[in-house]
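Everything quoted here is computed from the prediction, not taken from an experiment. Each residue takes its place number in the sequence, starting with 1.
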Amino acid sequence: IESVNAVDPHPELLENGGISLYYFYSNVQNIDPAKASGAHQFYSATSTDGINFINPQLAYEDASLITDPDVFKTVNDWRMFVSKGQSLDLLISTDSGLKFTKQDGFVWNKGGGSDSFNFNGTFRTFFCGQGIQSAIGADKGELVFEDGRRILEENKIVCDPSVIQLPDGTYLMFYKTQDIQNN
């Protein structure tokens, strides 16, 4: 994807072995792309090798500040959570993840910056709350908070989880940390 800033990328493995990469599209250079004026857009592009992505298409656009696309496939459709600070919006696509529509009845304000993963039929959404926390039910259009924290590091902001399953059946979570600034 040349000549654009692809921010907050989220890859999704396709049934044909290809990859669809969802990302926040930005053409700004010297400021935080999420704070740029104008519509905020998420695009998708596809790849067969994981390096070269082609055919970028607008997947969703919103006039408000949105970041961090979290895309996952259910039995019936494709879904995307988008972050609005500590809140999430739910979007649904019935055309194999090409175009998404916001679901107005969905409300979640316990954390943002999410990643949803299908653990053998249980859809668990990890999100940035107080550390990394989790909820279940994303495939049903609702999130039910799970008690406890999955990741917490003292004196750090812990956010932007991303989960993968390894060939041996175990799971690995990537996330970012930032020192808490005491001013």
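Note on V71: it does not cluster hydrophobically with F106, by side-chain heavy-atom contacts below 4.5 Å among ILVMFWY residues. The cluster map of Ile, Leu, Val, Met, Phe, Trp and Tyr, joined by side-chain heavy atoms under 4.5 Å apart, puts F174 and L166 in the same cluster. L91 and F117 fall into different hydrophobic clusters, where Ile, Leu, Val, Met, Phe, Trp and Tyr side chains are chained together by heavy-atom contacts under 4.5 Å. Both F72 and L88 sit in one connected hydrophobic cluster of ILVMFWY residues. Membership requires side-chain heavy atoms under 4.5 Å apart, directly or through other members. The same ILVMFWY cluster, assembled from side-chain heavy atoms under 4.5 Å apart, contains both F119 and I132.
The two residues S47 and I51 have their closest heavy-atom pair at OG-N, 3.6 Å. Smallest separation of non-hydrogen atoms from G97 and S93: N-OG, 3.0 Å. M173 and P161 make their closest contact through SD-CB, 4.0 Å (heavy atoms, listed as atom of the first residue, atom of the second, distance). What you find for A135 and E146 is that their closest heavy atoms are N-OE1, 3.9 Å. Contact detail for I19 and G50: the closest heavy-atom pair is CD1-CA, 3.8 Å. Contact detail for L13 and G17: the closest heavy-atom pair is CD1-O, 3.9 Å.
Heavy atoms of other residues, nucleotides or ligands lying less than 6.0 angstrom from CG of N120 number 12 at most.
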Could you please spell out the steps behind the side chain to side chain contact (heavy atoms under 4.5 Å, CB included) verdict for V82 and H40? CA-CA 11 Å; V82 298; H40 287 77; over 6 Å; no
Can T170 and Q165 be said to form a side chain to side chain contact (heavy atoms under 4.5 Å, CB included), step by step? CA-CA 6 Å; T170 61; Q165 185 172 16; over 6 Å; no
For K84 and D62, run side chain to side chain contact (heavy atoms under 4.5 Å, CB included): C-alpha distance rounded to whole Å, both residues' side-chain angles, the deciding distance at 0.1 Å, then the answer. CA-CA 11 Å; K84 288 186 170 179; D62 195 312; 3.7 Å; yes
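Here SG of C128 is found 11.5 Å from CD1 of I151. Values are rounded to the nearest 0.5 Å. Rounding to the nearest 0.5 Å places OG1 of T46 at 10.0 Å from CG of L21. Interatomic distance, OG of S20 versus CD of Q57, reported as 8.5 Å (0.5 Å rounding). Summarising the geometry, atom CD1 belonging to I164 is positioned 10.5 Å from atom CG belonging to D115; distances are rounded to the nearest 0.5 Å. A distance of 15.0 Å separates OH in Y60 from OG in S44, rounded to the nearest 0.5 Å. Separation of atoms CZ (F81) and CG (D68) is listed at 13.5 Å; rounding is to 0.5 Å.
If you look at Y25 and Y23, their ring centroids are not closer than 6.0 Å. You'll find the ring centres of Y175 and F126 outside the 6.0 Å limit.
A donor-acceptor distance shorter than 3.5 angstrom exists from the side chain of R79 to the backbone of A138, with no hydrogens or angles considered. The backbone N or O of D77 lies less than 3.5 Å from no partner atom in the side chain of T94, so there is not a single donor-acceptor pair.
Applying the side chain to side chain donor-acceptor pair (under 3.5 Å) rule to pairs touching residues 98-114 yields D70-S114, sequence neighbours excluded.
A search for side chain to side chain contact (heavy atoms under 4.5 Å, CB included) contacts involving E12 returns H10, Y22, W78, not counting sequence neighbours.
A donor and an acceptor atom, one from each side chain of N76 and T74, are nowhere located under 3.5 Å apart.
When L90, I136, T125, V107 are each tested for a side chain to side chain contact (heavy atoms under 4.5 Å, CB included) with L143, only one passes: T125.
Contact of the I180 side chain with the I157 side chain is registered, since non-hydrogen atoms from C-beta on lie closer than 4.5 Å.
Ring orientation note: the planes of F145 and F127 are tilted relative to one another, at an angle of 30° to 60°.
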